[in-house]
Number of protein chains: 2
Amino acid sequence: MEICPSNALPVRIGDKWTAWVVRLLEHGPRRFTELRKDMGRVTPKVLTETLRAMERDGMLTRTEFDEIPPRVEYELTELGHSLRALLDHTCAWTRENLPLIEAARRANDEADHARTA
Amino acid sequence: MEICPSNALPVRIGDKWTAWVVRLLEHGPRRFTELRKDMGRVTPKVLTETLRAMERDGMLTRTEFDEIPPRVEYELTELGHSLRALLDHTCAWTRENLPLIEAARRANDEADHARTA
DNA sequence: CCGTATCCACAATGATACTG
DNA sequence: CAGTATCATTGTGGATACGG
């Protein structure tokens with residue numbers, strides 16, 4: 001997740017894409033293709049899996065409009081919105097501590113390298 | 001992680017075992033085998049990998065005592081301790097919301113089953 | 001537009017056995 | 001006691017192509 005750089009990091013919300021979906025939906029409903037465009041390289045299969053799992057858990061609703069061309073909107077439920085506070089804590093922790101972690105990694109990797117050389 | 005039942009759930013700290021290690025070390029240093037015993041079924045390989053990764057990231061220190069039989073102690077650093085607040089938030093969120101998620105799952109699964117039948 | 005259907009790659013975890 | 005070495009398994013995510 002690049003949304004807050006927790007790629008490097010020990011805290012994740014569910015799978016690889018869930019947190020990102022929450023962020024993209026926090027200001028209102030979005031359509032499938034909108035989400036897809038804003039999420040870097042998600043394949044439709046994986047995005048569908050993510051959204052279905054979140055729907056099953058009651059984090060969002062899926063609304064299908066009977067139009068042509070088809071339109072489907074995804075919207076956070078109250079439960080989905082409640083994740084935002086947790087995401088905020090997580091991002092805050094990461095902002096504060098990521099530099100420390102990166103420094104520790106560099107130090108340890110350098111020490112290992114010195115030992116090997 | 002059964003420590004707070006986030007198995008079912010969308011928030012995880014790092015990999016499968018990291019959060020548990022933090023909890024086991026929060027009141028002081030522990031030895032390899034102590035950790036292993038308290039952590040259900042971790043194989044020594046996986047526990048070693050977890051501990052080494054955490055050490056590399058500056059979350060804990062590994063202290064080897066020159067005794068026979070060997071003794072090694074793992075202890076959280078300040079950075080490691082800082083994860084506790086995040087864990088607390090996560091567990092609180094889970095305690096509050098897990099029932100809702102489980103209810104949503106039951107409801108959705110039942111609806112699916114009805115549709116299939 | 002909004003997906004499904006197949007197949008595949010890889011990382012994470014586990015089982016088992018062995019060692020300084 | 002505190003690991004290492006190998007191998008097997010699984011599960012998540014991705015590539016690609018196609019369908020209502």
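Computation of the quantities below employed the complete heavy-atom set of this structure, encompassing side-chain atoms and omitting hydrogens, waters and symmetry-equivalent molecules.
- E55(A) has no carboxylate O lying under 4.0 Å from a charged side-chain N of R62(A), or vice versa, which leaves the two without a salt bridge.
- Rounding to whole angstrom units, CD of residue E67(A) and P of dG3(C) are separated by 13 Å.
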Anything under 3.5 Å between a donor and an acceptor, one on a side chain of residues 30-41 of chain A, the other on a protein residue two or more places apart or in another chain? List them.
residue, atom, partner, partner atom, Å
R30(A), NH1, L24(A), O, 3.3
R30(A), NH2, D38(A), OD2, 2.8
R31(A), NH2, P70(A), O, 3.4
E34(A), OE1, R31(A), N, 2.7

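- Not one side-chain nitrogen or oxygen of R31(B) sits closer than 4.0 Å to the OP1 or OP2 atom of dG3(D).
- Summarising the geometry, atom CD belonging to E73(A) is positioned 7.0 Å from atom OG1 belonging to T63(A); distances are rounded to the nearest 0.5 Å.
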Inset, instruction - Heavy atoms under 4.0 Å is the rule here; annotate nucleotides 5-20 of chain C 5' to 3' with B where the base is hit, S where only the sugar-phosphate is, and - elsewhere. - result: BB------BBB----B

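- In this structure, W17(B) contributes its side chain and E49(B) its backbone to no donor-acceptor pair below 3.5 Å.
- The line from CZ of R84(A) to CZ of R23(A) is 7.0 Å long, rounded to the nearest 0.5 Å.
- In this structure, E73(B) places its CD atom 9 Å from P of dA2(D), rounding to the nearest Å.
- The phosphate of dA2(D) has neither OP1 nor OP2 within less than 4.0 Å of any side-chain N or O from R52(B).
- Between R62(A) atom CZ and dC2(C) atom P the separation is 10 Å, expressed in whole Å.
- Between R106(B) and E110(B) no salt bridge is recorded (no basic side-chain N to carboxylate O distance below 4.0 Å).
- Rounded to whole Å, the distance from CZ on R30(B) to P on dC1(D) is 14 Å.
- The distance between atom CG of L35(B) and atom P of dG3(D), rounded to the nearest whole Å, is 10 Å.
- Contact annotation for Y74(B): backbone-only contact, meaning every heavy-atom pair under 4.0 Å involves sugar-phosphate atoms and none involves a base.
- The residues R105(B) and E102(B) are annotated as not salt-bridged, no charged nitrogen and carboxylate oxygen being separated by less than 4.0 angstrom.
- Rounded to a whole Å, the CD atom of E64(A) is 7 Å from the P atom of dG3(C).
- Regarding L51(A), its CG atom lies at a distance of 16 Å from the C1' atom of dT12(D), rounded to whole Å.
- Taking atom CD1 on I68(B) and atom P on dG3(D), their separation rounds to 15 Å, with Å as the unit.
- At the phosphate of dC2(C), OP1 or OP2 sits under 4.0 Å from a side-chain N or O atom of T33(A).
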